[in-house]
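Only one structure is covered here, and it is reproduced in the block below.
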Protein chains: 2
Amino acid sequence: MLLSATTENYLKAIYKLNAQTTIVTTNNIALALGTTAPSATDMIKKLALNKLITHTKYRGVGLTAKGNKAALTIIRRHRLWELFLNKVLGFKWDEVHQMAEQLEHVSVPELIERIDQYLGYPKFDPHGDPIPDAMGKIAKHQYQSLLNENSGSLATIVAVTNDDVRFLKQLEKLNLTIGTKITILAKHDFDNAMEIKPMRKPAVTISEALAKNILIQLN
Amino acid sequence: MLLSATTENYLKAIYKLNAQTTIVTTNNIALALGTTAPSATDMIKKLALNKLITHTKYRGVGLTAKGNKAALTIIRRHRLWELFLNKVLGFKWDEVHQMAEQLEHVSVPELIERIDQYLGYPKFDPHGDPIPDAMGKIAKHQYQSLLNENSGSLATIVAVTNDDVRFLKQLEKLNLTIGTKITILAKHDFDNAMEIKPMRKPAVTISEALAKNILIQLN
DNA sequence: AAATAAATTTAGACTAATCTAAAACATTTT
DNA sequence: AAAATGTTTTAGATTAGTCTAAATTTATTT
Ligand SMILES: [Mn+2]
Ligand SMILES: [Mn+2]
Ligand SMILES: [Mn+2]
Ligand SMILES: [Mn+2]
């Protein structure tokens, strides 16, 4: 069963919403894809017909095992391409997402496997997100948001939860990239701004919006 | 102006037919793309409307300067991807065409330029076809078909004019790959079969169908 | 120069994906 | 428990691309 790029994008969106929210609703999906509720409803019907999702009218959708597998295949392609573009072709971590949005729909299994092999079967993409293996197995990381951590902690930045170019460029400027060891100097109650010191780099103050999208692991 | 994959395929087909035949007809196009004449007519109308081709009813089509440039962009992508898949990811020359058929529609200019740079601005793809440069300039090779050459000649195989996997696999088995120096031992008048000796390899007999699709340059 | 054949275009219909406007259903407020 | 609000679905259109069948135009025979 070969899926259209549009169908793949819906599946991917549903998969991601599934991890974020309790129930995946029509409006959620429409918003995530920048489309309208009626369009989402139409696609939901088609996906349900193809047994990729379950759907109870007015009550939201859920992925079937088949749909989950399909979504992971697309995410695998996306993240492997991102890493390939970064590691092999030298693109920056803020450039690779947009390109991967197109490349993820190229459907040639041998190509993806070869890229995986070329990269040495990597576990994470340039943003710290886990890459599903050929069987669709994915390391469910449950890192915590920097925003939930308290002053005084020592931690390492392991991933980011936003692909926005502006966000990634800003992090880079602040020396807050994947793998960086940091010390949390302070957290301001009023606006949730945080003072962070990346190892061997000057301390910086970051907003709640920024901190929320940075995932860390305590040292 | 962004073109759909379908539109790009039509443009590419028209470009190639233009080089092969005197007039590019509706049926030619339909046949080349495995579609029907009415479908081709519809697309012809749209391409003409967008000033990518010229069209006189019942009289065939021709590319405009704009259409020619667009076609070359697609061919550039296709051939650069083919070489990249071959040289970097190690795919065989009979495997790369099908993959490039999908990758050629990924439209990210910086990606193609980076691949070009990575490969060292190559002039030819794995089948000996010239790669248009970023300005759309292409080395119009006017190599001759092996079929038109006479017994006794010494030549080098420089390109092939068919992407069929079976054709390419057969050539490989016969040691008749790009760059191979050959001696034409004999040409049989009855069926146009030819006896060819690749340097340092055993002599082989090839059919007219094979010889026709092999391009050579005399030494 | 007709008649016949072949190529091309038009007519009309279909699917996938999208939209706006309206109806139906669900939730929240009063 | 009504009323108001919000969400989801349906209705009806639109666009891109495709098809078969029929009409039109061009080319080839006779
Ligand atoms: Mn991404
Ligand atoms: Mn990523
Ligand atoms: Mn090719
Ligand atoms: Mn080629």
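What you see below is based on every heavy atom in this structure, not just the backbone, and it leaves out hydrogens, waters and symmetry mates. Every chain is numbered from 1, with letters handed out A, B, ... down the list of sequences.
- Phosphate contact (OP1/OP2 of dT8(C), side-chain N/O of H55(B), threshold under 4.0 Å): absent.
- Side-chain nitrogen and oxygen atoms of T35(B) include at least one within less than 4.0 Å of the OP1 or OP2 phosphate oxygen of dC19(D).
- When the nearest nucleotides of DNA chain C are assigned to S4(A) and V24(B) by heavy-atom distance, the more 5′-ward of the two goes with V24(B).
- Y58(A) has its OH atom 5 Å from the C1' atom of dC25(C), to the nearest Å.
- Within the structure, every side-chain polar atom (N or O) of N27(B) is placed at least 4.0 Å from both OP1 and OP2 of dA6(C).
- In this model, the phosphate group of dT8(D) is approached by a side-chain N or O of T25(A) to a distance below 4.0 Å at OP1 or OP2.
- Rounded to an integer number of Å, the gap from N50(A) CG to dA16(C) P is 9 Å.
- Here the C1' atom of nucleotide dT8(C) and the CD1 atom of I23(B) are 12 Å apart, to the nearest Å.
- Per the geometry, CG belonging to D42(A) stands 13 Å off P belonging to dT20(C), to the nearest Å.
- For the pair N9(B) CG and dA16(D) P, the computed distance is 17 Å after rounding to whole Å.
- Atom NZ of K16(B) is surrounded by more than 12 heavy atoms from other residues, nucleotides or ligands within 6.0 Å.
- Between D116(B) and R76(B) there is a salt bridge, since at least one side-chain N of the basic residue sits less than 4.0 Å from a carboxylate O of the acidic one.
- Classification of the H127(B)-W93(B) ring pair by plane angle, with boundaries at 30° and 60°, yields parallel.
- Computed from coordinates, the N28(A) CG to dT8(D) C1' distance equals 12 Å when rounded to whole Å.
- L47(A) places its CG atom 13 Å from the C1' atom of dA16(C), with the value rounded to the nearest Å.
- Regarding contacts with the backbone of dC19(C), a side-chain N or O of S39(A) is found under 4.0 angstrom from either OP1 or OP2.
- Using a 4.0 Å heavy-atom cutoff across all strands shown, T26(B) reaches sugar-phosphate atoms only and no base atom.
- Using modelled atom types and a 3.5 Å distance limit, the side chains of H105(B) and Q102(A) yield no donor-acceptor pair.
- One interatomic measurement links the two molecules: CE of M43(B) to P of dC19(D), which rounds to 12 Å at whole-angstrom precision.
- A sub-4.0 Å separation between OP1 or OP2 of dT24(D) and a side-chain N or O of K57(B) is absent.
- OP1 or OP2 of dT27(C) lies within a sub-4.0 Å distance of a side-chain N or O belonging to R59(A).
- Between dT18(D) and Y10(B), a contact under 4.0 Å exists linking OP1 or OP2 to a side-chain N or O.
- Classification of the W81(B)-F84(B) ring pair by plane angle, with boundaries at 30° and 60°, yields perpendicular.
- Within 4.0 Å of T6(A), counting heavy atoms only, lie sugar-phosphate atoms of the nucleic acid but no base atom.
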